[in-house]
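As structure tokens, the structure follows; a few thoughts come after it.
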Amino acid sequence: MRSDIVKTGHNRAPHRSLFRATGLTDEDFNKPFIGVANSFIEIIPGHFFLNKVSEIIKDEIKANGCVPFEFNTIGVDDGIAMGHDGMLYSLPSREIIANSVETVMNAHKLDALIAIPNCDKIVPGMIMGALRVNVPTVFVSGGPMAKGYKKDGTPIDLNSAFEAVGKFEAGQITEDELIDIECNACPSGGSCSGMFTANSMNTLMEAMGIALVGNGTILALTKEREELYRKAARRICEIALMNDKDQEKFKIQNILNAKAVHNAFAVDMAMGGSSNTVLHMLAIAREANVDFKLENINDISKRVSHIAKISPSLTTIHMQDIDKAGGVSAVMHEMSKRGDDILLDNLTISGETISERIANSKILDTNIIHTIENPYSQVGGLAILYGNLAKQGAVIKTAGITGSRVFKGTAVCFNSQDDAIKGIIGGKVKAGNVVIIRYEGPKGGPGMQEMLSPTSLIMGMGLGADVALITDGRFSGATRGMCIGHVSPEAAEGGLIGLLEDGDEIFIDVDNYTLEAKLSDEEIAKRKDNFKPIVKPLTSRWLKQYRALVTNASRGAVLEAE
């Protein structure tokens, strides 16, 4: 066992003495040591109950012949951090989480890992850390939140609350209606109920085979979810008690390989996941030593039909509806009917291949999960755009487009999200404009703020089909509309987005993957000669470190020391 390094032999007597102080006995030193990476934190709705979840998991681990050691990571709630400088810490928290998992697991030489994430950057952070450690690992998330309902019975969610602010600002709803939405949008614990970033990543863990069936869709705080926790705990013990040869194939890098990365992006396309999954999957692929480039995403998108439309793209459908309609396995089974959309021979952590896992799955409600003969779109729900405005790429959630997939408009430029919010509320943005929000990329922000507040204001004010938004920042999974993010190179590193001026003509053609500023090469060169990127002042030592090391979004905003 890997843990023999810290518990076997006479020279490890001091180590065993410390273990005994925690309650271990002689018989425990012959058992596998299992790390239980928990992300319990009381301020996040998807996490405040995870202390109880870990107790269930640890009891099951003990009952199955292993020794659990729980440790915690931090977490940031993007919804609460949204709209102020707290969002600067959101994406950087992913790196802290990855580093903490690596640190605890390698410092103490634990044999295997069960990870309990749920929301925002916590899922990818834990995956990245686990890949560095490379021991057998099972992921089991806390589960999605139930959808809420207004007093009149209309289904709502967190995105409804953000958009309600825009509607209230525009005089379209009363204060009582705003309060009704506020009080009912988030009715229980869990990751926010639509296909936002958290549930997108929890779904992709299932598609990659590092989590059990149901991980993405079974509601939090239910008996069904509790049974999933127990199954995950039993499974990690089964693997930890195997001989070394059999254990080897279940190391996470042997499960989360190039085929798993492909399957993750394919399912993402079919289900219209958050644009943030691009950022996180690029970082995960790097940790998995998988050579996957941003441009590969369009190749997958062209082959994958969009067959499941979920809030925010379709506001009446939520994760619990997908679960009742057959879940992620039903989506993958339907996709498997068409060639290489899904790579079926890849192993999963539960011991079967993807083919075996989805063999008996089927769509139970074709109004919720469409067939490949009747898709929402013949192409996937995400696309990567290129052009002089995004030479290294930009990301759009095509599943969330509310108007035409071709847009031509004039730029209205803002050098921060705060300025953009003031401008939108103040009436500076009109139909036919392209809102440019820059200096919000990984370096420029720093930390690549999410743009849910400005996009929700635009939608709430009734401009969703008539205004586009382009940023070197990123979007919440709840964003919808003609919203293009992750523009690379970003303004802070001299990208063309930093050279744009009010009135510049911008052209977007999603189906031809085009993002262009209608400027001549001579005009661009002239502007470059006089250009100095804005450097926002920072007092935080951590954010200064992050800015110095972070790469742009086309590389997953990973940290590079060289």
Side-chain angles (χ1 to χ4, degrees), residues 81-92 388-392 394-395 409-430 432-458 461 463 467-476 479 481-506 508 515-519 523-524 526-540 543-544 546-548 550 552-554 557:
M82 196 85 65
H84 57 90
D85 62 6
M87 181 52 75
L88 299 178
Y89 292 90
S90 174
L91 186 57
N388 64 1
L389 192 46
K391 289 186 175 180
Q392 296 172 0
V395 180
T410 53
V412 180
C413 301
F414 302 98
N415 290 331
S416 71
Q417 179 180 206
D418 290 346
D419 287 348
I421 291 170
K422 291 174 186 175
I424 294 165
I425 292 174
K428 190 174 181 181
V429 175
K430 311 291 185 184
N433 284 156
V434 179
V435 178
I436 305 295
I437 307 179
R438 57 199 177 193
Y439 296 104
E440 295 292 7
K443 283 185 179 295
M448 209 175 181
Q449 293 199 68
E450 288 188 347
M451 302 289 156
L452 184 55
S453 292
T455 58
S456 296
L457 285 170
I458 288 168
M461 296 170 78
L463 293 170
V467 168
L469 190 152
I470 298 172
T471 181
D472 52 10
R474 61 194 175 92
F475 298 113
S476 164
T479 294
M482 181 67 84
C483 299
I484 299 166
H486 304 205
V487 169
S488 299
E490 61 175 292
E493 57 180 345
L496 181 57
I497 189 171
L499 305 177
L500 295 178
E501 298 174 359
D502 288 352
D504 285 344
E505 186 176 305
I506 308 298
I508 305 163
L515 179 60
E516 290 277 343
K518 293 300 182 180
L519 297 171
E523 176 63 20
I524 292 171
K526 177 182 174 183
R527 293 186 188 185
K528 279 186 175 179
D529 287 342
N530 301 310
F531 178 67
K532 285 186 178 181
I534 295 170
V535 180
K536 296 178 184 178
L538 291 173
T539 57
S540 164
L543 293 181
K544 287 179 181 178
Y546 183 83
R547 174 184 277 170
V550 72
N552 70 33
S554 72

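Sorted by first and then second residue, the pairs that involve residues 435-445 and meet side chain to side chain donor-acceptor pair (under 3.5 Å), not counting sequence neighbours, are Asn415-Arg438, Glu440-Gln449, Glu440-Lys536. Within the structure, no pair that satisfies the salt bridge (Lys or Arg N to Asp or Glu O under 4.0 Å) test touches residues 410-429, not counting sequence neighbours.
For Ile425, the side chain to side chain contact (heavy atoms under 4.5 Å, CB included) partners are Glu169, Ile421, Leu457, not counting sequence neighbours. Applying the ring pair (Phe, Tyr, Trp, His ring centres under 6.0 Å) criterion to Tyr546, with sequence neighbours excluded, gives Trp542. Applying the salt bridge (charged side-chain N to carboxylate O under 4.0 Å, His left out) test to Glu490 and every residue at least two apart in sequence or in another chain returns nothing. Annotation: side chain to side chain contact (heavy atoms under 4.5 Å, CB included) contacts of Glu516 (sequence neighbours excluded): Asn388, Thr514. Lys528 is linked by a salt bridge (charged side-chain N to carboxylate O under 4.0 Å, His left out) to nothing, counting only residues two or more places apart in sequence or in another chain. Every residue meeting the side chain to side chain contact (heavy atoms under 4.5 Å, CB included) condition with Ala420, not counting sequence neighbours, appears here in chain and number order: Phe414, Ile437. For Asp504, the side chain to side chain contact (heavy atoms under 4.5 Å, CB included) partners two or more places apart in sequence, or in a different chain, are Ala411, Leu500, Glu501, Leu519, Arg527.
For the side-chain contact (heavy atoms from CB on, under 4.5 Å) with Ile484, the lone residue among Ile470, Asp472, Leu389 that qualifies is Ile470.
For the residue pair Met451 and Gly473, the shortest heavy atom distance occurs at CE-CA, 4.3 Å. The heavy-atom pair separating Ile497 from Pro489 by the smallest distance is CG2-O, 4.2 Å.
With a 4.5 Å cut-off on side-chain heavy atoms, Thr471 and Val487 do not count as touching. Between Pro454 and Val435, the closest side-chain pair of non-hydrogen atoms is not below 4.5 Å. Side-chain contact between Val434 and Thr410: absent, with no pair of heavy atoms (C-beta onward) separated by less than 4.5 Å.
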Under 3.5 Å donor-acceptor pairs involving side-chain atoms of residues 81-88, not counting sequence neighbours:
from: His84; atom 1: ND1; to: Gly86; atom 2: N; distance (Å): 3.0
from: His84; atom 1: NE2; to: Ile80; atom 2: O; distance (Å): 2.8
from: His84; atom 1: NE2; to: Ala81; atom 2: O; distance (Å): 3.3

